[in-house]
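Worksheet for the structure shown next.
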There are 2 protein chains.
Amino acid sequence: MIKILVIDDDCQMLELICDALEQSGYYVEGESNPLLVDSKRCQQYDLLLLDVMMPVEDGFSLCTRIRDSVDCPILFLTAKTEETALIKGFGLGADDYIKKPFSIGELRARVNAHLRREDRQPNHAMTRGGVRFNMHAKEAVVGETAILLTKSEYAISEYLALHAGQVFTKDQLYEAIFGYDAEGEPSAIAEHIKNIRGKLKTVGLNPIETVWGVGYKWQKENAR
Amino acid sequence: MIKILVIDDDCQMLELICDALEQSGYYVEGESNPLLVDSKRCQQYDLLLLDVMMPVEDGFSLCTRIRDSVDCPILFLTAKTEETALIKGFGLGADDYIKKPFSIGELRARVNAHLRREDRQPNHAMTRGGVRFNMHAKEAVVGETAILLTKSEYAISEYLALHAGQVFTKDQLYEAIFGYDAEGEPSAIAEHIKNIRGKLKTVGLNPIETVWGVGYKWQKENAR
DNA sequence: AGTCAATTTTAAGGATTTTATAAGGACGTT
DNA sequence: AACGTCCTTATAAAATCCTTAAAATTGACT
């Protein structure tokens, strides 16, 4: 679920924008008071849309407050068309600067473009069988809760999930994860599988199937 | 060295754009014949600037040809101001759509913004996990109190915080900070981590997580 | 349906690996 | 020479991994 925060003191405009973005399928929150927006709150969103001219605090000031601790794209919306204002906006770390009056179509196209780029960023993640693997963080997440897997447990899960639907014997898994020269009983794999299942059971998942007489495989279908 | 390719059949315009971007410190190549541009060539650049209306092949067609095999940002430059053309441009996977006549300042600002997002490098400061890094002064600050970190301690912290959420082995950290040719036991990293933790503990923070069997990572509070 | 053998699951303990901590020495700078 | 930083080493502590053996399950055969 992609979350967007729109900040504009003009409530009519705010509603217009929110409606347009919701039609694109995003979860959108509107905020008319910039003073209620701090960096901690912003970290929950995937994109911020910021009006520049607001009476209590302008968008530039708000952007300055939060930019350093916010990773997501920040887009300015403004009637100020002078070049200096635009350059100032980008200088503050903005990712786009949309001039009013803008068409709803353009707004949606630009928002889509920035979110798409985020996606393309190599954050090496995949979701299989309800479990999201973050390969950089070596972390498995189900919904909002992280599943604390040990190194081996994570490695086995990731390997199985990566090749979802394919069956592996215990020996194959042992070799794939610990190397061909590793010594030790492949039966240790069974122990890890048990622990993984136990941890995933706490969130109501059981994506690892036993293929009797052969080995294990990760469910291919996205069973929820 | 950041490399940009500009494609425009109008040689006068081409030169103008190239000059402007070279002044921003980039290495810029201009190309007036879109037929000489293929996906292999494009993979060498960090950003592409594409004119839409060209006689032999228009920018949209060119973009379609290369988009799938090119990861870098693609920016359209065009006099076509109709909304449908703009939406079509974004639909093809463009990252920006700059309407002519544009100011040189705006062009540079937009190019800078897209490139900055690519390397994710904040230029001056960032706040991660409650710690603010002043990258010019090489100083870490929590709230109002400066944390006195040694050179190595600061370097490790900054590196981890910049890539918050990502796990690094001791070897990776050692190499990233002291260079691939540095000699010495990576276990020294553990010593530094201990000291950093000790200093951050005095202000009630502990942003460095141990990933058992793998390495260390800076906490990422960003929900996703 | 019932029985048996093979296979998998589960459980628990000890062995192993990895990390945290502390102390000492090397190095360079002031 | 004094100081701070960095690196190494040794030890203690923690967590994980592996092994073993018993219990449960599965599939096949009578």
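Here is how names work: the chains are called A, B, and so on, in the same order as the sequence lines, proteins then strands, and each is numbered from 1.
For the pair B:Trp212 CH2 and C:dT18 C1', the interatomic distance rounds to 4 Å; values are reported in whole Å. One can place CD of A:Glu153 at 11 Å from P of D:dC18, the figure rounded to the nearest angstrom. The CD1 atom of B:Ile189 sits 17 Å away from the C1' atom of C:dT21 (whole-angstrom rounding). Counting to the nearest Å, the P atom of C:dG24 and the CD atom of B:Glu191 are 14 Å from each other.
Of the candidates D:dT8, C:dT9, C:dA11, C:dT9 carries the atom nearest the A:Arg197 side chain, counting heavy atoms from C-beta on. In the set D:dC18, C:dT10, D:dC7, the nucleotide with an atom closest to the side chain of A:Tyr174 is D:dC18. The side chain of B:Lys170 sits closest to C:dT19 out of C:dT19, C:dT9, D:dT19. For B:Lys194, whose side chain is taken as the heavy atoms from C-beta onward, the closest listed nucleotide among C:dT8, D:dC18, C:dA22 is C:dA22. Across D:dC6, C:dT9, D:dC17, the shortest atom-to-atom separation from the side chain of A:Thr210 is found for C:dT9.
Remark on DNA chain C: of its neighbouring residues B:Val214 and A:Gly215, the 5'-side contact belongs to A:Gly215, judged by nearest-heavy-atom nucleotide.
Phosphate contact (OP1/OP2 of D:dG4, side-chain N/O of B:Thr150, threshold under 4.0 Å): absent.
A perpendicular orientation is assigned to the rings of B:Phe168 and B:His163, their planes being inclined by more than 60° (bins at 30° and 60°).
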